[in-house]
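These notes concern the structure reproduced below.
As a basis for the values below, the full set of heavy atoms in this structure was taken, side chains included, without hydrogen atoms, waters or symmetry mates. Per chain, numbering begins at 1; letters A, B, ... match sequence-line order. This is a predicted model, so every value here is computed, not measured.
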Protein chains: 2
Amino acid sequence: MRSSLKDVAARAGVSVRTVSNVVNGSASVSEKTRARVQQALDELGYRPNLAARSLRAGRTGLIGLVIPEIHSPYFGELAGLLVEAAQRRSWTVIIDQTHGRADEERRLLKGTHAPIVDGLIISPWALDASELSEQAGPTPMVLLGERDPRRVADHVAVDNVLAADEATRHLLETGRRRIAAIGPQPELRNGTAEQRLAGYRRALHRAGLTPDPALEVPVPTLHRTAGARAMEELLDRGGPAPDAVFAFSDELALGIMRTARDRGVRVPEDLAVVGFDDIEDGRFSNPSLTTVSPDKAQIAERALQCLADRIYSPGGTVPPQRITVPHRLVVRESSRPAGNGSRSAAS
Amino acid sequence: MRSSLKDVAARAGVSVRTVSNVVNGSASVSEKTRARVQQALDELGYRPNLAARSLRAGRTGLIGLVIPEIHSPYFGELAGLLVEAAQRRSWTVIIDQTHGRADEERRLLKGTHAPIVDGLIISPWALDASELSEQAGPTPMVLLGERDPRRVADHVAVDNVLAADEATRHLLETGRRRIAAIGPQPELRNGTAEQRLAGYRRALHRAGLTPDPALEVPVPTLHRTAGARAMEELLDRGGPAPDAVFAFSDELALGIMRTARDRGVRVPEDLAVVGFDDIEDGRFSNPSLTTVSPDKAQIAERALQCLADRIYSPGGTVPPQRITVPHRLVVRESSRPAGNGSRSAAS
DNA sequence: GTGAAAGCGCTAACAT
DNA sequence: ATGTTAGCGCTTTCAC
């Protein structure tokens, strides 16, 4: 059995109050008693009971993170950064996966962990902002990658329209003209895909081109297989082939490159490819992948900052924050102008 | 403020005892009171306070998962599976990262979360079995991918020697003779790399070949960059080039293929490559990667089973379990015999 | 079938 | 500077 404050107090011949003070440094204790208590503490290997502490404090020190999938490269990386940012604030993270399903998102918001966490960070997929806010109780919440037009909660995201615009412009600048957009997700409610599509179209318009609906290929998920399949579809359709693709995620892009290879389409010579997320695989893929790189560390940091603000100022009436984090376009082999086959190592 | 049992009891005009019974179905309650209580429960949107429950029960319902990195493809996938297996048992998982550092492993075992979790699943990297058992307190613990010669705790792993043997034999069967092993980690204490090396050597011996120390290349980590660098080293050394590589992880293998490509070495024609872990990237890489595929779902399931056994039978004297989960060799493009350039989709 | 009350381990208000 | 104690919300023993 683990020893409690009472045990330590008995051993040191003092009251629990004093032991508590020593443990927390909350009041002044004479040097002599402190030493005696400390010794008892060590001898008994005292560890505070977190449940009791939480019960008293009304806080658990736990933060819920709700994402589609832990093992997705993008969310995995983000989760790792969030865990570390949380650690710096003495918080512990609980990760839940929704697999992009609306019912799971609902369940996780209301049910399973809602009562136990002090705050929630959620990357919504199937639910839109208004439903999110209905589902969530009074628990402070931060939305990731969600535009949230109604401003129901804090949210942290890159400027998806701008980023997609830049990616598309980059392809235009390397001389591409029939640029496909693979990644719209009509069934998705979180708005991200829409914004990327808007940015893509904006860039085309600016270049005097008219977006061709046949080049906008929707996908059911952002996984590699979905990208591979969408690319097959695009190639099988007949009509003039695209000379570039802007994929709404790196995973899609990797699937697209896989299909290109299977069909004898050379990347980047016949087809330039740009992705989104800057996952590690893209740095080592063949060819390496040009991509939009969001500042993930900053996403993690800012999200936790938002949560901290709300948790520590309970009655606060701070309006929902809308935070935009920086991104940059990382140009690699998959979009290099033909004939410029650089062999540099991954960057 | 969230409502408590007491609030509900007051509203329903019964005692807390009765409300508790309704919530937990723990004793028989008359149909009439049950209905009244249920109504009060709904009206107040009652949610049990987990901290209080834990304090009473002496359990938190939390399981700690200690892995090198969440965003590693292998551990990410495993973590996802563990989270789901835990969910099925009404447990919640807390994930911590060690980055493969000994001090972090120690800290996480003793310190931060040890007092709060009911059990610990750890994939040790820098600590060996005996130190692990010293560090951990009385908390039930399961080791992943660790041979644990001293049998200090339950552990779940594939048969690494056998798996490495099979991978090497596969390369021998496709006619390769100078097979390199990239992945030994002398600084690692968990034994995994050693076992894979042993299996590799055993296969060579069986084929009548003598392992060439120059073909065994140690690495500092199992990441892609480490693989890329090790391959560069191997090629720069001069001497006869290898015609195959057995990499101790898929990530290493992907890095190796990257270097091969940069150096104009064709895979699989000039160099066959086999990895370990069966991560998703390997299915979509170019060429797709032959690999040893551990049954990850079963690893997760069995690990939780071990924990459940110990947590629910506290005084139990069950000796530490040693569980071996199945694996299989998945042959893809990177090791196809030269001249058999199948273009089939990823499998 | 239901109520009263003790107690899990901790913190903090109140006392000395 | 330190002791005493109420009470956080819950489960459960004991009593009726």
[atom1] of [X] versus [atom2] of [N]: gap in Å, rounded?
{"X": "B:Arg47", "N": "D:dC10", "atom1": "CZ", "atom2": "P", "answer": "12 Å"}
{"X": "B:Arg36", "N": "C:dG1", "atom1": "CZ", "atom2": "C1'", "answer": "12 Å"}
{"X": "A:Arg53", "N": "C:dC8", "atom1": "CZ", "atom2": "P", "answer": "18 Å"}
{"X": "B:Ile116", "N": "C:dG9", "atom1": "CD1", "atom2": "P", "answer": "16 Å"}
{"X": "B:Asn21", "N": "C:dA4", "atom1": "CG", "atom2": "P", "answer": "14 Å"}
{"X": "B:Lys6", "N": "D:dT11", "atom1": "NZ", "atom2": "P", "answer": "15 Å"}
{"X": "A:Leu5", "N": "C:dA12", "atom1": "CG", "atom2": "P", "answer": "12 Å"}
{"X": "A:Arg59", "N": "C:dC10", "atom1": "CZ", "atom2": "P", "answer": "18 Å"}

B:Gln39 and B:Arg34: side chain donor to acceptor below 3.5 Å: no
Check: B:Glu84/A:His99 side-chain N/O donor and acceptor closer than 3.5 Å: yes
Can you check whether [X] has a side-chain N or O nearer than 4.0 Å to OP1 or OP2 of [N]?
{"X": "A:Ser4", "N": "C:dG9", "result": "no"}
{"X": "A:Ser28", "N": "D:dA1", "result": "yes"}
{"X": "A:Ser20", "N": "C:dC10", "result": "no"}
{"X": "B:Arg56", "N": "D:dG9", "result": "no"}
{"X": "A:Asn24", "N": "C:dT11", "result": "yes"}
{"X": "A:Ser30", "N": "D:dT2", "result": "yes"}

Touch class at under 4.0 angstrom, heavy-atom based, for A:Val14 against every strand present: sugar-phosphate
Sugar-phosphate, base or nothing in reach of A:Arg17, heavy atoms under 4.0 Å: base
Bend angle of the helix from C:dG1-D:dC16 to C:dT16-D:dA1, end axes from five pairs each (to 10°): 40°
From the list [options], which nucleotide is the closest neighbour of the side chain of [X]?
{"X": "B:Thr33", "options": "C:dA4, C:dG1, D:dT11", "answer": "C:dG1"}
{"X": "A:Leu55", "options": "D:dT2, D:dC8, D:dG3", "answer": "D:dC8"}
{"X": "A:Asn49", "options": "C:dT2, D:dT11, C:dG9", "answer": "C:dG9"}

Any B:Leu82 side-chain heavy atom under 4.5 Å of B:Ile121 side chain: yes
A:Leu307 side chain reached by A:Ile63 side chain, heavy atoms, under 4.5 Å: yes
[X] side chain vs [Y] backbone, donor-acceptor pair below 3.5 Å:
{"X": "A:Arg310", "Y": "A:Val318", "result": "yes"}
{"X": "A:Asn24", "Y": "A:Ser26", "result": "no"}
{"X": "A:Ser54", "Y": "A:Leu50", "result": "yes"}
{"X": "B:Asp118", "Y": "B:Gly61", "result": "yes"}

Pairwise 5' ranking along DNA chain C for B:Val16 and B:Ala52, keeping only the more 5' one: B:Val16
